[in-house]
Asks: 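Pasting a structure here, questions to come.
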Amino acid sequence: MKFFIDTANLDHIREARDLGILDGVTTNPSLMAKEGIAGDAAVRRHYETICQLTQGDVSAEVIATDYDGILREGRELVKIAPNIVVKVPMIREGIRAIRQMADEGIRTNCTLVFSAGQAILAAKAGATYLSPFIGRIDDTNWDGMALIREIAEIYAIQGYDTEILAASIRSALHIVESAKAGADVVTCPLNAILGLLRHPLTDIGLAQFLADHQKANV
Ligand code: G3P
C-alpha cells in the first residue's frame with residue numbers, strides 16, 4: 001500500500017518525506033486555504049514547490065464544475081510537473097472530463113466518492129485513482145471502511161485498473177484498516193502517519209534496554 005500525505009503544509013510534507021515512507025501528496029481547496037494559499041498564481045507556485053519536494057504523484061484539484069472548465073484547468077495543472085494528477089469531483093461533468101483526460105493520457109483522481117456505484121462509474125471513465133472519504137462516512141454513523149472493502153471486491157472481480165486511494169483518514173487505526181480492506185493507497189494527515197510509530201510497550205522496552213545498558217557500562 002502506498003502512503004500519500006493529505007496536506008498542503010510544506011513542513012508536514014518534508015517531515016513525511018524525511019521519514020522515507022512518502023509516495024505522494026494529495027491536496028484539496030480546503031487544505032490550500034488552510035495554508036493561506038489564494039489566487040491562481042500562488043496556487044500554481046505552491047504546487048510547483050510541492051512537486052519539487054516529492055517525485056511521487058501530487059493530486060491538484062480543479063475548481064471548475066463544468067466540463068470545459070474542468071478540462072481547461074486539468075490541462076493547465078499537468079503542465080506544472082509530470083507528477084501532477086488532476087483531482088476531479090465525482091459529478092456528471094467530472095466523469096465526462098475524466099474520460100476525456102484519460103483519452104489524452106492525463107492522470108486523474110476522482111474525489112468525493114461515497115458509494116460503490118460512484119466507484120464503478122469512475123473506473124469505467126478511466127480514473128487513475130479513486131478517493132472514497134472514510135472519515136466523513138464514519139462522521140454520519142455509517143461504516144467508511146465497509147465501502148473500501150466493497151470497492152476492493154468489485155474492482156478485483158471486474159479487473160478495473162483504477163487504484164483505491166482511501167481518503168479522509170483520521171487515525172493510525174484507519175490506516176491499518178485500509179491496508180486490511182485492500183486499499184492501494186492511503187492518504188493521511190501527518191499525525192495519523194506518526195501515530196503508527198506509537199506503542200507504550202515500545203517506549204517501556206526501550207527505556208529498560210537503555211537503563212540496563214547504562215548499568216552494565218558504568
Ligand atoms: O483530501 C480529501 C480528504 O482526505 C479530506 O479529509 O478529514 O477533510 O474529511 P477530511
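When a ligand or atom number is given, it counts from 1 through the structure's own listing order.
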Asks: For H199, enumerate each residue passing the side chain to side chain contact (heavy atoms under 4.5 Å, CB included) test, keeping only those at least two apart in sequence or located in another chain.
Replies: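 Partners of H199 by the side chain to side chain contact (heavy atoms under 4.5 Å, CB included) criterion, ordered by chain and then number, come out as L201, T202.
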Asks: For K79 and E76: C-alpha separation, side-chain torsions, deciding distance, then whether salt bridge (Lys or Arg N to Asp or Glu O under 4.0 Å) applies.
Replies: CA-CA 5 Å; K79 288 180 191 163; E76 281 305 311; 2.8 Å; yes
Asks: Just jot down the side-chain hydrogen bond (donor to acceptor under 3.5 Å, both in side chains) partners of E177, sequence neighbours excluded, or say none.
Replies: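 K180.
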Asks: Output yes when D212 and K215 qualify as a salt bridge under the 4.0 Å nitrogen-oxygen rule, no when they do not.
Replies: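 A salt bridge links D212 with K215.
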Asks: List the atom pairs, with distances to 0.1 Å, where a side-chain N or O of residues 12-23 and a protein N or O form a donor-acceptor pair under 3.5 Å, not counting sequence neighbours.
Replies:
residue	atom	partner	partner atom	Å
R14	NH1	D11	OD1	3.1
D23	OD2	F3	N	2.7

Asks: So does R99 pair up with D103, basic N to acidic O under 4.0 Å?
Replies: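 Looking at R99 and D103, the cut-off is met.
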Asks: With a 4.0 angstrom cut-off on heavy atoms, strictly below it, pick out the residues next to ligand 1 and order them by chain and number.
Replies: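 Protein residues near ligand 1 are D6, N28, K87, F133, R136, A167, S168, R170.
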